[in-house]
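Shown next, in structure tokens, is the structure this report addresses.
Indexing begins at 1, ligand by ligand and atom by atom, following the structure's order.
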Amino acid sequence: MVNFKSLGLSDQTVKALDELGFTEPTPIQEEAIPYMLEGRDVLGQAQTGTGKTGAFGLPLVEKVQANQGIQAMVLAPTRELAVQVAEQLKSFGKYHNLRVINIFGGVPIERQIQGLKKKPEIIVGTPGRVIDHLNRRTLKPEDIHTLILDEADEMMNMGFIDDMRFIMSKLPAHNRQTLLFSATMPKAIQQLVQQFMNSPEIVKTMNQQQSDPQITEYYTIVKELEKLETFTNFLDVHQPELAICFGRTKRRVDELTSALIAKGYRAEGLHGDITQSKRLEVLKKFKNDALDILVATDVAARGLDISGVTHVYNFDIPQDTESYTHRIGRTGRAGKEGVAISLVNPIEMDYIRQIEKDKNRTMQALRPPHADEVMKARKDDTVQRVKDLLNKGDEQQDRHTKTLASELIEEYGDVNVVTALLKEMMSQSDDVDVQLTFEKPLSKKAQNKSRGRKRGGNFKGGGKGRRDFKGGNRRKSNDRPNKSGEGRKPKAGFKGRTFADHKK
Ligand SMILES: Nc1ncnc2c1ncn2[C@@H]1O[C@H](COP(=O)(O)OP(=O)(O)OP(=O)(O)O)[C@@H](O)[C@H]1O
Ligand SMILES: [Mg+2]
């Protein structure tokens with residue numbers, strides 16, 4: 001049986017993996033690790049959440065030697081992803097005494113300069129700040145023999161192609177090993193491959209449908225002006241453990257976040273104009289359960305691995321299939337199940353059809369929750385909150401409040417008092433009047449020409465279509481300014497699945 005040891009990983013690495021609870025390699029790991037250990041260039045494509053970080057990170061910690069200078073560079077499209085990848089590499093390399101540092105913008109450069117002086121073995125960064133350090137010569141790339149591009153297609157989408165070229169031109173060309181990983185491989189990637197890779201092994205572990213059985217995907221047709229209400233109704237009915245909600249623009253994310261907070265949800269926003277320290281803080285809160293809903297632009301779509309995300313909502317549908325793939329892939333990771341719901345303006349239905357076509361599958365229509373379902377969900381939730389409070393027993397300590405309660409009950413009767421309070425608790429969020437700025441839906445024609453890709457990530461040539469790590473998936477990233485929906489009412493009698501199945 002194939003295990004990490006038989007793939008060629010050392011006892012130190014296997015021990016670190018044991019501690020992480022990784023007992024067997026995922027398909028992409030099984031295929032890519034031996035090639036990388038042989039020194040081959042690798043182009044790796046596997047669905048979201050199926051362990052691509054390990055596929056390049058595990059052989060990387062074997063290859064790099066402690067105290068031999070900066071030997072490897074990993075580039076990622078966003079700072080949050082760079083932080084996450086660095087953390088994973090540190091845990092993989094725990095018993096190799098490796099040092100990994102992050103190099104990205106939005107934070108003071110001096111500390112990074114100090115860090116680089118100590119010659120950590122691996123750096124993980126975003127292209128802009130890496131270039132900055134290369135120009136200042138605070139990063140000397142002479143010993144870098146391994147370059148990994150995580151989410152390379154997104155870095156291209158973001159216009160980092162020249163930056164990547166520049167960085168690669170500064171790295172030693174001779175004997176350099178270059179690896180490129182993503183869940184989506186648009187054709188444009190071939191440009192990078194031809195320029196910078198040396199007859200790469202193409203490792204592809206996608207299933208035929210490009211679909212991820214771990215994620216149940218729905219779309220709901222809704223008018224722009226009814227989106228917020230429909231969305232909060234979904235939240236009330238689904239009661240997601242953790243949810244990520246994608247909005248199309250930074251303004252959209254800000255407004256939606258404020259609206260949700262005003263309505264009593266524990267939500268925070270994440271986009272490119274928020275300060276770096278705040279971005280990291282928001283993500284940390286989300287990971288630590290101090291938030292229920294992360295509202296984000298595509299900046300959160302790529303690579304982020306947050307366990308416990310049960311639902312992804314596309315408040316605004318994304319512009320292309322790759323973006324969709326990466327966004328919804330924030331749920332249904334590492335074998336877990338997830339639900340993805342896209343709110344779509346009737347005139348944006350072409351985009352849904354395109355996604356279905358690209359992925360060779362049908363998405364299910366889901367009708368918006370009925371008022372009585374929402375009411376029942378709210379009642380259940382309110383009752384549960386009251387029970388939780390009672391079970392906590394804190395109220396026993398507050399004698400002053402208890403006296404007030406007795407007085408009220410004496411005057412109005414116990415049932416009346418409790419009824420009034422319950423009603424108040426249940427109606428709170430409805431009373432808040434919030435409005436989002438109207439956004440135009442995606443235009444009818446613009447679809448999918450955008451970045452020269454076809455299908456949810458097919459790379460022609462090579463590939464060894466294989467089973468999945470209990471499923472696979474997809475999604476996408478960064479702040480891509482755009483427009484968003486309005487629309488008509490769902491037709492009467494609109495047949496949709498109910499969400500009862502996904503009530504949690
Ligand atoms: N062999 C393994 N056994 C158990 N869990 C694993 C294994 N490999 C990876 N994981 C876990 O699976 C999750 C997803 O891994 P990872 O973030 O590397 O996915 P990915 O393929 O890079 O996804 P994306 O396309 O979204 O970037 C992580 O929480 C990771 O710790
Ligand atoms: Mg990844």
Side-chain angles (χ1 to χ4, degrees), residues 1-7 9 13-14 16-33 42 44-61 74-78 80-92 94 124 148-155 179-185 203-207 210 212 214-215 242 244 287 298-309 312 322-338 340 456-457 466-478:
M1 203 193 88
V2 179
N3 57 34
F4 287 114
K5 180 103 186 116
S6 70
L7 291 178
L9 299 180
T13 308
V14 173
L17 288 175
D18 266 354
E19 289 172 15
L20 289 172
F22 287 24
T23 50
E24 54 178 310
T26 65
I28 185 77
Q29 292 165 0
E30 187 180 325
E31 296 216 14
I33 290 172
V42 177
Q45 182 182 9
Q47 281 154 312
T48 49
T50 59
K52 292 185 288 296
T53 319
F56 63 74
L58 293 167
L60 182 66
V61 302
V74 183
L75 292 178
T78 65
E80 286 74 15
L81 182 56
V83 169
Q84 180 187 300
V85 169
E87 275 164 12
Q88 278 250 287
L89 294 178
K90 277 183 211 161
S91 54
F92 295 158
K94 184 173 168 190
V124 185
I148 295 162
L149 305 174
D150 194 16
E151 311 284 348
D153 55 323
E154 179 64 359
M155 289 193 276
L179 300 104
L180 194 153
F181 281 82
S182 180
T184 51
M185 291 282 172
V203 178
K204 200 168 135 191
T205 60
M206 311 284 286
N207 60 14
Q210 311 261 313
D212 178 7
Q214 304 298 129
I215 307 175
L242 288 182
I244 301 185
K287 283 183 180 167
D298 277 315
V299 77
R302 289 262 180 170
L304 294 188
D305 183 66
I306 299 161
S307 70
V309 174
V312 169
E322 276 103 358
S323 179
Y324 178 82
T325 294
H326 290 275
R327 280 182 179 190
I328 70 162
R330 297 315 101 205
T331 187
R333 302 176 69 78
K336 295 216 181 89
E337 299 206 330
R466 279 199 62 175
R467 79 203 127 102
D468 252 313
F469 174 39
K470 294 187 194 147
N473 48 346
R474 59 214 61 116
R475 60 223 97 114
K476 162 115 181 133
S477 119
N478 261 55

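Put simply, the side chain of S182 never gets that close to the backbone of M185: no donor and acceptor are under 3.5 Å apart. A distance-only check finds no donor-acceptor pair linking the side chain of T331 to the backbone of V312 [under 3.5 Å]. Without hydrogens or angle criteria, T53 side chain to V85 main chain gives no donor-acceptor distance under 3.5 Å. E80 places no side-chain N or O within 3.5 Å of a backbone atom of L304 that could act as its donor or acceptor partner. For K52 (side chain) and A46 (main-chain N/O), a donor-acceptor pair under 3.5 Å exists by modelled atom type. A donor-acceptor distance shorter than 3.5 angstrom exists from the side chain of Q214 to the backbone of K336, with no hydrogens or angles considered.
Any N or O atom pair closer than 3.5 Å counts here, and F22 shares no such pair with ligand 1. Polar contact with ligand 1: absent for Q84 (N/O pair, distance under 3.5 Å). The shortest N or O to N or O distance between T23 and ligand 1 is not under 3.5 Å. Between P25 and ligand 1, a contact under 3.5 Å exists for no N or O pair.
When the heavy atoms of G57, S307, G303 are ranked by distance to atom 27 (O) of ligand 1, first place goes to G303. Considering only non-hydrogen atoms, atom 12 (O) of ligand 1 lies nearest to A334 out of P27, A334, A55, G329. Closest to atom 13 (C) of ligand 1 by heavy atom, among D305, T205, T26, is D305. Looking at G54, G21, S182, G51, it is G51 that brings a heavy atom closest to atom 15 (O) of ligand 1.
Listed by number with element, the atoms of ligand 1 under 4.0 angstrom from any heavy atom of T53 are 16 (P), 17 (O), 18 (O), 22 (O). Distances below 4.0 Å separate heavy atoms of Q88 from the following atoms of ligand 1: 31 (O). Here is the list of ligand 1 atoms found below 4.0 Å of a heavy atom in T50: 19 (O), 20 (P), 21 (O). Ligand-side atoms of ligand 1 in range of R333: 14 (C), 16 (P), 17 (O), 19 (O), 20 (P), 23 (O), 24 (P), 26 (O), range being under 4.0 angstrom from any heavy atom. Listed by number with element, the atoms of ligand 1 under 4.0 Å from a non-hydrogen atom of E24 are 1 (N), 2 (C), 3 (N).
Side-chain contact between V2 and P25: present, with at least one pair of heavy atoms (C-beta onward) separated by less than 4.5 Å. Side chains of D305 and E87 form no contact here, defined as non-hydrogen atoms less than 4.5 Å apart.
With a heavy-atom cut-off of 4.0 Å, Q47 touches ligand 1 through its backbone alone. Only the side chain of F4 comes within contact range of ligand 1, with a heavy atom under 4.0 Å; no backbone atom does. For K52, heavy-atom contacts with ligand 1 shorter than 4.0 Å involve the backbone as well as the side chain.
Heavy atoms of R302 stay at 4.0 angstrom or farther from ligand 1. Residue A46 places no heavy atom under 4.0 Å from ligand 1.
Looking at residues two or more places apart in sequence or on another chain, you find a side chain to side chain contact (heavy atoms under 4.5 Å, CB included) between T13 and L9, S10, L17, L58, V61, E62, H96.
Smallest separation of non-hydrogen atoms from G57 and L89: CA-CD2, 3.4 Å.
Using bins of under 30°, 30° to 60° and over 60° for the plane-to-plane angle, the ring pair F56/F181 lands in the tilted bin.
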